[in-house]
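So you know, we letter chains A, B, ... as the sequences are listed, proteins then strands, and number each from 1.
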Amino acid sequence: MATFLSGRPTPQIAADLLGKQLVLKTSQGEIRAWITEAEAYLGAQDAGAHAFKNHQTARNAALWLPAGTIYIYQMRTQFLLNLVTQAAGTPECVLIRGIEPATGLALMQRNRPVPLENLTTGPGKLMQALGLDKQLNGTPLSDETLALDLTAARRPAKIMSSARIGIVNKATWTTAPLRYEVSGNPFVSKRRKRDIDIEHHGWC
DNA sequence: TGGGCGATGTTCT
DNA sequence: GAACATCGCCCAG
């Protein structure tokens, strides 16, 4: 798992994460969901990243831990999930912005009682659906808590890249195409209804 | 259907 | 005291 989340550039890791399965063990049961949308954050050089200029604080310290470390921080009332993608000391990560429920759907809807099409279409929403707060911040991916299952992956028919959401006034980093999504999948933030692939959800 | 905006917690200057 | 890697409501068209 840690080998999948390292050994190549973070933007490539972000694209490769699309279709991989997140697995969460809870006291209520297991939740599985495919990753549909992710953004790359490129550490010290990236003006949109928390680790810009290597500025380390109590909040973002997890970014300097090894690949496979979970980085969760709070944005207003929401929690956002990131995975560290490089060796210890290189603070790069991928932000998970969308997931498609696979199993444990009833549990997710109990955690976040909204219609399915609004359940996991954004970084804060998917954390509500998973029932996670920042307890896992700084811990490694683990079969006991949150993990990636690479064998249960699906293959995107087409991957689209675009500018990251919410990065403004950061020169070239504002427009850098570091956001990756499964084209046509309905569980992607800011997806327009007419762009949804009703039949296959954008998978092969 | 999509744009505007207010509520909101935490961190840092 | 400002700045947010957001969400959900409201309203125009």
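- With hydrogens and angles disregarded, no donor-acceptor distance shorter than 3.5 Å links the side chain of A:Asn185 to the backbone of A:Val182.
- Across A:Thr90, A:Thr69, A:Asn54, a single residue satisfies side-chain hydrogen bond (donor to acceptor under 3.5 Å, both in side chains) together with A:Trp64, and that is A:Asn54.
- Extent of DNA chain B lying under 4.0 Å from chain A heavy atoms, first and last nucleotide in 5' to 3' order, is B:dT1 to B:dT13.
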Quiz prompt | Dot-bracket encoding per residue of DNA chain C, Watson-Crick/G-U cut-off under 3.5 Å, | denoting interstrand | solution = ||||.|||||||.

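- Residue order along DNA chain C, read from the 5' end via each residue's closest nucleotide, puts A:Lys170 first among A:Gln78 and A:Lys170.
- Closest-nucleotide positions on DNA chain C for A:Gln128 and A:Val168 were compared, and the one nearer the 5' end corresponds to A:Val168.
- The stretch residues 82-105 of chain A participates, sequence neighbours left out, in these salt bridge (Lys or Arg N to Asp or Glu O under 4.0 Å) pairs: A:Glu37-A:Arg97, A:Glu39-A:Arg97.
- Side chains of A:Thr10 and A:Gln86: a donor-acceptor N/O pair is present below 3.5 angstrom, by distance only.
- Within the 4.5 Å cutoff, no side-chain heavy atoms of A:Leu80 are placed close to those of A:Ile96.
- A:Tyr73 and A:His50 have their aromatic ring centers within a separation under 6.0 angstrom.
- Taking 4.5 Å as the limit, some side-chain heavy atom of A:Arg164 sits within range of a side-chain heavy atom of A:Asp46.
- For the pair A:Thr139 and A:Asn137, the minimum side-chain heavy-atom distance is 4.5 Å or more.
- For the residue pair A:Thr121 / A:Ser189, no side-chain donor-acceptor distance below 3.5 Å is found, with atom types taken as modelled.
- Among the atoms of the strands shown, base atoms are found under 4.0 Å from some heavy atom of A:Leu95.
- Of the N and O atoms on the side chains of A:Trp203 and A:Asp197, not one donor lies less than 3.5 Å from an acceptor on the other residue.
- Between A:Lys125 and A:Gln78 the shortest side-chain heavy-atom distance does not fall below 4.5 Å.
- A 4.0 Å heavy-atom criterion places the boundary nucleotides of DNA chain C facing chain A at C:dC4 to C:dG8, written 5' to 3'.
- For the pair A:Val188 and A:Arg179, the minimum side-chain heavy-atom distance is below 4.5 Å.
- Take the nearest nucleotide of DNA chain B for A:Lys134 and for A:Arg76: the residue whose nucleotide is more 5' is A:Arg76.
- Between A:Tyr71 and A:Leu65 there is no side-chain heavy-atom pair separated by less than 4.5 Å.
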Quiz item: Given the rule in the side chain to side chain contact (heavy atoms under 4.5 Å, CB included) test, do A:Gln45 and A:Lys53 qualify, once you have shown the distances and angles that lead to the verdict?
Solution: CA-CA 6 Å; A:Gln45 56 170 327; A:Lys53 293 181 174 170; over 6 Å; no

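- At least one side-chain heavy atom of A:Leu146 sits less than 4.5 Å from a side-chain heavy atom of A:Leu141.
- Near DNA chain B, defined here as any heavy-atom distance below 4.0 Å, the residues from residues 178-194 of chain A are A:Arg192, A:Lys193, A:Arg194, listed numerically.
- For the contact set between residues 37-61 of chain A and DNA chain C, defined by any heavy atom under 4.0 Å, the members are A:Tyr41, A:Gly48, A:His50.
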